Amino acid sequence: MNIVVTGGTGFIGRALRRSLSQHGHRVTVLTRKERVASDLFGTLFAKVEWNGREPGAWEELLEGADAVINMAGAPIADARWTEARKRLLTESRVQLTRRLVDAMSRRSAKPRVLISASGIGYYGPSDDRVLTEAAPHGEGFLVDLCLAWEAEARRAETFGTRVVLLRTGMVLEGDGGALPKMLLPFRLFVGGPILPGTQWVSWIHRDDHIGLIEWALTTPSVSGPLNLVAPEPERMQWFCTTLGQVLRRPCWLPVPETVLSLALGELGTVMTTGQRVTPQKALAGGYVFRYPALEPALRAILKK
């Protein structure tokens with residue numbers, strides 16, 4: 001396939017474009033990070049500069065493209081959610097997706113599929129309910145962000161493009177995301193869960209995250225929301241206990257909710273709640289998870 005990717009230089013995007021190239025696809029990355037894009041993969045992918053705000057030569061790449069994978073967006077949990085940070089999170093997702101879909105609409109030969117990132121934040125904080133793709137949305141900033149983000153992507157359906165919305169959980173791998181931040185206190189023998197500890201953690205190994213994107217790419221029957229989580233979510237207490245066991249470190253020093261709230265504000269509140277999400281569509285569609293359970297996933301990552 002001829003595939004255009006936004007966000008192809010990030011934690012997930014780097015591994016995604018490598019996998020796509022290895023499977024024989026022609027990958028073009030729209031990026032502002034020219035040096036990062038010119039890395040080990042050489043001629044296996046092309047890079048084109050864009051800023052996500054203005055029209056330009058990048059729009060021509062959408063003409064006749066088989067697929068667009070939209071992964072761009074500022075990191076959600078890298079900083080306290082000030083009003084300025086919220087604007088950045090929104091602009092880097094909602095406005096960017098709007099301009100991308102607008103550019104697609106102007107092509108005479110439009111992409112057949114748009115795979116666009118979203119998050120399980122769509123569901124909002126929840127209790128022990130199992131949340132499938134059919135579950136209603138919740139309330140809060142992350143919910144509003146996901147709703148607006150997904151709405152912009154779904155506009156591509158009006159001109160016949162199949163749209164898949166990737167509602168992603170916590171992506172695990174050793175070179176980015178949340179896991180390296182969790183590892184440090186455990187390696188210093190001060191690891192422990194974020195209280196209350198009963199909140200659910202819906203996680204996924206990065207290999208399965210990429211596997212599900214490629215499965216959605218080549219499965220025409222898949223459209224709409226798709227939960228990118230492993231089949232076995234864990235409570236925070238057991239997630240951290242398992243991490244300690246794999247590292248051979250104790251799990252004994254919990255992080256109080258008040259500490260996170262004081263340090264991170266609204267973002268801290270999100271970290272003390274969770275969602276019990278299940279990948280119903282993927283399982284029903286026949287996708288086979290490489291890492292359905294947490295302990296083998298962590299061992300595969302940490303043995304590297």
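Predicted model, so just to flag it, every value in this text is computed and none were measured.
- R276 is linked by a salt bridge (charged side-chain N to carboxylate O under 4.0 Å, His left out) to nothing, counting only residues two or more places apart in sequence or in another chain.
- For D144, the salt bridge (charged side-chain N to carboxylate O under 4.0 Å, His left out) test picks out no residue, with sequence neighbours left out.
- With L228 as the partner, the side-chain contact (heavy atoms from CB on, under 4.5 Å) test is satisfied by one option alone out of V171, I12, I213: I213.
- Take E60 and apply the salt bridge (charged side-chain N to carboxylate O under 4.0 Å, His left out) test, not counting sequence neighbours, and it matches R107.
- By the salt bridge (charged side-chain N to carboxylate O under 4.0 Å, His left out) test, K304 is found to be paired with E173, residues two or more places apart in sequence or in another chain being considered.
- Taking the ring-ring contact (aromatic ring centres under 6.0 Å, His included) definition, one finds that W200 meets it with nothing, sequence neighbours left out.
- For the side chain to side chain donor-acceptor pair (under 3.5 Å) condition, the pairs that include at least one residue of residues 176-194, sequence neighbours left out, are D78-K181.
- In summary, E266 and R80 do not engage in a salt bridge, as defined by a charged side-chain N under 4.0 Å from a carboxylate O.
- Checked by atom type and distance alone, the side chain of W215 never pairs as donor or acceptor with a backbone atom of G286 at under 3.5 Å.
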As a quick check of understanding, evaluate side chain to side chain donor-acceptor pair (under 3.5 Å) for E214 and S19, giving each step before the final call. CA-CA 9 Å; E214 294 179 332; S19 181; 2.6 Å; yes

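- In this structure, the side-chain contact (heavy atoms from CB on, under 4.5 Å) partners of L195, at least two apart in sequence or on a different chain, are P254, E257.
- A side-chain donor-acceptor contact under 3.5 Å links T272 to the backbone of T269.
- Checking side-chain atoms of R26 against main-chain N and O of V4 turns up no donor-acceptor pair under 3.5 Å.
- Every ring-ring contact (aromatic ring centres under 6.0 Å, His included) that F141 has, sequence neighbours left out, goes to W81.
- Side chain of E63 to main chain of A109: a donor-acceptor pair is present (N/O by atom type, distance under 3.5 Å, no hydrogens or angles).
- For the residue pair S202 and V229, the shortest heavy atom distance occurs at CB-CG1, 3.8 Å.
- Rounding to the nearest 0.5 Å gives a distance of 14.5 Å between CZ of R129 and OG1 of T278.
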Quick one, R167 with N227, criterion side chain to side chain donor-acceptor pair (under 3.5 Å). Give me CA distance, side-chain angles, the key distance, then yes/no. CA-CA 5 Å; R167 292 181 183 164; N227 289 339; 4.9 Å; no

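- With sequence neighbours excluded, no residue satisfies ring-ring contact (aromatic ring centres under 6.0 Å, His included) with W149.
- Applying the side chain to side chain donor-acceptor pair (under 3.5 Å) test to pairs two or more places apart or on separate chains, those with a residue in residues 151-163 are R98-E152, D102-R155, E152-R155, R154-E157.
- Atom CG in L96 sits 9.0 Å away from atom OG in S116 (nearest 0.5 Å).
- How far OG1 of T28 is from CG of L61: 5.5 Å, rounded to the nearest 0.5 Å.
- The CE atom of M71 lies 10.5 Å from the CZ atom of R93; values are rounded to the nearest 0.5 Å.
- Applying the side chain to side chain donor-acceptor pair (under 3.5 Å) definition to pairs two or more places apart or across chains, those involving residues 284-301 are D207-R290, D208-Y287, E295-R299.
- For the atom pair CD (Q95) and CZ (R99), the distance works out to 6.0 Å, reported to the nearest 0.5 Å.
- Other residues, nucleotides and ligands contribute at most 12 non-hydrogen atoms within 6.0 Å of the CE atom of M271.
- L100 places a side-chain heavy atom less than 4.5 Å from the side chain of T6.
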Candidate pair T97 and N70, rule side chain to side chain donor-acceptor pair (under 3.5 Å), full reasoning: CA-CA 8 Å; T97 303; N70 178 30; 3.0 Å; yes

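- The pair R106-E59 meets the salt-bridge criterion, since a charged nitrogen lies less than 4.0 angstrom from a carboxylate oxygen.
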Could you walk me through whether E150 and S118 pass the side chain to side chain donor-acceptor pair (under 3.5 Å) check? CA-CA 7 Å; E150 292 186 5; S118 183; 2.7 Å; yes

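- With sequence neighbours left out, Q237 forms a side chain to side chain donor-acceptor pair (under 3.5 Å) with T241.
- Screening Q275, H137, E133 against Y122 for a side-chain contact (heavy atoms from CB on, under 4.5 Å) leaves a single residue, H137.
- The backbone N or O of G197 lies less than 3.5 Å from no partner atom in the side chain of W238, so there is not a single donor-acceptor pair.
- Here the CG-NE2 distance, from L217 to H25, works out to 5.5 Å after rounding to the nearest 0.5 Å.
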